[in-house]
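To start, the structure itself, in structure tokens.
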There are 2 protein chains.
Amino acid sequence: MKVIDAPLRQAGAVIAQSCADCPVRSEALFGVLGSGTVERAGEGVESVRLLPGQRVYAQGFIGGSLFTVREGIVRFERVTEAGDRRIVRLAGRGGLIGQEALLHQGYADEAVACTEVQVCRIPKAVVERLAVREPTLHRELMRRWQSSLEAAEEWTAELTSGTTRRRVLQLVARLAELAGPSDCIWLPPRHEMGVMLDMAFETASRVIGQLRRERILETYFPAGARVDRALLAQALHRENNRM
Amino acid sequence: MKVIDAPLRQAGAVIAQSCADCPVRSEALFGVLGSGTVERAGEGVESVRLLPGQRVYAQGFIGGSLFTVREGIVRFERVTEAGDRRIVRLAGRGGLIGQEALLHQGYADEAVACTEVQVCRIPKAVVERLAVREPTLHRELMRRWQSSLEAAEEWTAELTSGTTRRRVLQLVARLAELAGPSDCIWLPPRHEMGVMLDMAFETASRVIGQLRRERILETYFPAGARVDRALLAQALHRENNRM
DNA sequence: CGAGCCGTTGAGGGGATTCAAGCTCAGTGG
DNA sequence: CCACTGAGCTTGAATCCCCTCAACGGCTCG
């Protein structure tokens, strides 16, 4: 409790707001429930704001809560046997994270805010209570688990193989998706990029520099960029078809 | 338990056997059910034998069945945007695969037998029917989903980073776990190793050759090896602490 | 017996890492 | 106000790990 709440409380204000008119409700876990049910469900749920770098939860902690991402990007990281950090996937708006809390298990990995993030903290008990009456919730939970699984597998397939250029392009493409329709995306510090893509941060910097020279990216301080989606798609396509 | 499957039929003999006295029952999905329930559950389930290289199911296929692995090793592979195969995780004895069938979705990736494999084909309807009466089954399904997720993330963390030597050692260690207590393990053809670890097959061959010279492995034809677990653990430990 | 597949090994080249230096920018304190 | 510091980004040069290309041997099978 302390481990989770302590960093969160100082992080930002808890916004009292009804789940029923949540802007991400349709994309979120409770999107499958009726309005009345959501109203009851909302009791016990709290909205939390996190700054970049702050943890949503710690690996191994038996937390009792799962979270819906309302805004921002969250990364999942673990420490390898070799002792270095490795990022295994990302979650964005509408994503459900920390589901394993429902199983009385410790969290499988560390969840950390990449950007400024807003999450809804949903105590395990709330879900358990609802699930008895609402069979659709079970199905929705399974669906969420499956999409987490697919996200993890896709990360392996697309972001861990090929040249450094290909991997960086893939990452940027994914970040552009997470950013929604806007062309302004969050671009990680080079060191984080290295941890995500398993390359030296200097290499990440070189590739980004190259993309900038090709007008695919225009980087801003401290961690943003504007992407030319057409050029990006084109570069990715070229990269994928030669080799 | 019944006896047939169209695409799988040619693969091998179907063994008529009761689910209640299945040797892997305690590790399998229905391990959480009582004996009487298992007996009823078994109707509609069929056991299938597959040879190395044969598919359990195809990516995208809307199958209507999930599977429990009774024996052998199954790999999950997908085709990347760049057009090459990539293996994203393995499943062994007791593992549940193809769960996404429960969600009316196509299978997320291709499941292929690595070794000779025995699986139990469980029609979606069987699980759905049981789940109504048996709330523990829901929990067990979620638990399975979570372990698939963790297997995928661990694959990313441990098998896609570091030197080729470290990756091969990690793979061998995992194969040794899947092999159970025996020191004789399945060792993939070098080309498969390359697809698993994202390296050229010649490189895989070189590393295996090195391990053989270090007496960590003794390879057999066509796809087996005897491992010295002590030396393997030692080599891994050394590898993980320098760098 | 030749064809084909798989595994091994060598030589050479290239892409990524490593080691370094120089840069900008924020924050700090004289 | 400005020197100082440290963190993050960039770029260069040298090294090395791994890939590519190639040749060869063992085995299976038609």
Side-chain angles (χ1 to χ4, degrees), chain A residues 51-53 82-86 114-115 159-172 185-214 216-226 235 238-239 242-243, chain B residues 51-53 80 82-86 114-115 159-172 185-214 216-226 238-239 242-243:
Chain A
L51 297 177
D84 36 38
R85 289 169 54 217
R86 193 82 167 85
C114 286
T115 63
L159 294 180
T160 71
S161 66
T163 63
T164 53
R165 177 181 169 86
R166 195 187 98 89
R167 303 210 295 275
V168 171
L169 281 170
Q170 287 283 356
L171 176 63
V172 172
I185 68 169
W186 170 72
L187 200 68
R190 304 302 169 263
H191 179 259
E192 285 304 310
M193 260 190 204
V195 176
M196 291 183 187
L197 303 177
D198 191 46
M199 63 182 68
F201 71 92
E202 297 98 324
T203 306
S205 175
R206 278 182 243 268
V207 175
I208 290 294
Q210 181 63 30
L211 300 186
R212 196 166 34 219
R213 257 165 269 133
E214 297 174 26
I216 295 172
L217 278 183
E218 190 175 344
T219 57
Y220 294 135
F221 191 79
R226 213 177 53 73
R238 244 182 302 122
E239 193 66 24
R242 80 143 85 109
M243 51 182 256
Chain B
L51 297 176
T80 69
D84 37 36
R85 289 169 54 217
R86 193 83 166 87
C114 287
T115 63
L159 295 180
T160 71
S161 67
T163 63
T164 53
R165 177 181 169 84
R166 194 187 99 88
R167 281 181 278 157
V168 171
L169 282 170
Q170 286 284 356
L171 177 63
V172 172
I185 68 169
W186 170 72
L187 199 68
R190 305 301 169 264
H191 178 259
E192 284 305 311
M193 261 192 203
V195 176
M196 291 183 186
L197 303 176
D198 192 46
M199 64 181 67
F201 71 92
E202 298 98 324
T203 305
S205 175
R206 278 182 243 269
V207 176
I208 290 293
Q210 181 64 29
L211 300 186
R212 195 166 36 219
R213 257 165 268 134
E214 297 174 27
I216 295 172
L217 278 183
E218 190 175 345
T219 58
Y220 295 135
F221 191 80
R226 212 175 55 71
R238 243 182 304 122
E239 193 66 24
R242 78 144 88 107
M243 56 180 253

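Owing to the predicted nature of the structure, the values given are computational and were not obtained by experimental measurement. All chains are named by letter (A, B, ...) in the order of the sequence lines, taking the proteins before the strands, and each is independently numbered beginning at 1.
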### Query
When you measure from the side chain of B:Glu202, which nucleotide among C:dT18, D:dT20, C:dT17 comes out closest?
D:dT20

### Message
Between B:Arg190 and B:Met199, is there a side-chain heavy-atom distance shorter than 4.5 Å?
### Response
no

### Task
Nearest whole angstrom, please: distance from the P of D:dT10 to the CG of A:Leu211.
11 Å

## Note on the structure
Here the pair of heavy atoms bringing A:Ala223 nearest to A:Trp186 is O-CD1, 3.3 Å

### Message
Less than 4.5 Å apart, side chain to side chain, heavy atoms only: is that true for A:Arg206 and A:Thr164?
### Response
no

### Task
Answer whether the closest heavy-atom distance between the side chains of B:Arg226 and B:Thr219 falls below 4.5 Å.
no

### Between D:dC19 (C1') and B:Asp198 (CG): distance, integer Å
11 Å

Mind listing the N/O atom pairs, protein and nucleotides 11-14 of chain C, below 3.5 Å?
none

### Task
For B:Tyr220 and C:dG7, give me the distance from atom OH to atom C1', rounded to whole Å.
18 Å

### Task
Please state how far atom CE in B:Met199 lies from atom C1' in C:dA16, giving the value in whole angstrom units.
16 Å

### Message
Mind checking if A:Thr203 touches a base, just sugar-phosphate, or nothing, with heavy atoms under 4.0 Å?
### Response
base

### Query
With respect to the phosphate group of C:dG15, does any side-chain polar atom (N or O) of A:Arg166 fall under 4.0 Å of OP1 or OP2?
no

### NZ/NE/NH1/NH2 to OD/OE distance under 4.0 Å, B:Glu218 and B:Arg212
no

### Query
If you measure from the Lys or Arg side-chain nitrogens to the Asp or Glu carboxylate oxygens, is any gap between B:Glu214 and B:Arg238 under 4.0 Å?
no

### Message
Would the distance check show the side chain of A:Arg86 and the main-chain N or O of A:Val195 forming a donor-acceptor pair, the cut-off being under 3.5 Å?
### Response
yes

Mind listing the N/O atom pairs, protein and nucleotides 5-9 of chain D, below 3.5 Å?
{"unit_1": "D:dC9", "atom_1": "OP2", "unit_2": "A:Arg190", "atom_2": "N", "d": "3.1"}

### Query
Are side-chain N/O atoms of A:Arg167 and A:Thr160 paired as donor and acceptor at under 3.5 Å?
no

## Note on the structure
Minimal heavy-atom distance between A:Pro52 and A:Cys114, with the atoms involved, is CB-O, 3.3 Å

### Query
What is the distance from CD of A:Gln210 to C1' of D:dT11, rounded to the nearest Å?
13 Å

### Task
Could you tell me the separation between the CG atom of A:Leu197 and the P atom of C:dT17, rounded to a whole number of Å?
10 Å

### Task
Using atom CZ of B:Arg165 as one end and atom P of D:dC19 as the other, report the distance to the nearest whole Å.
16 Å

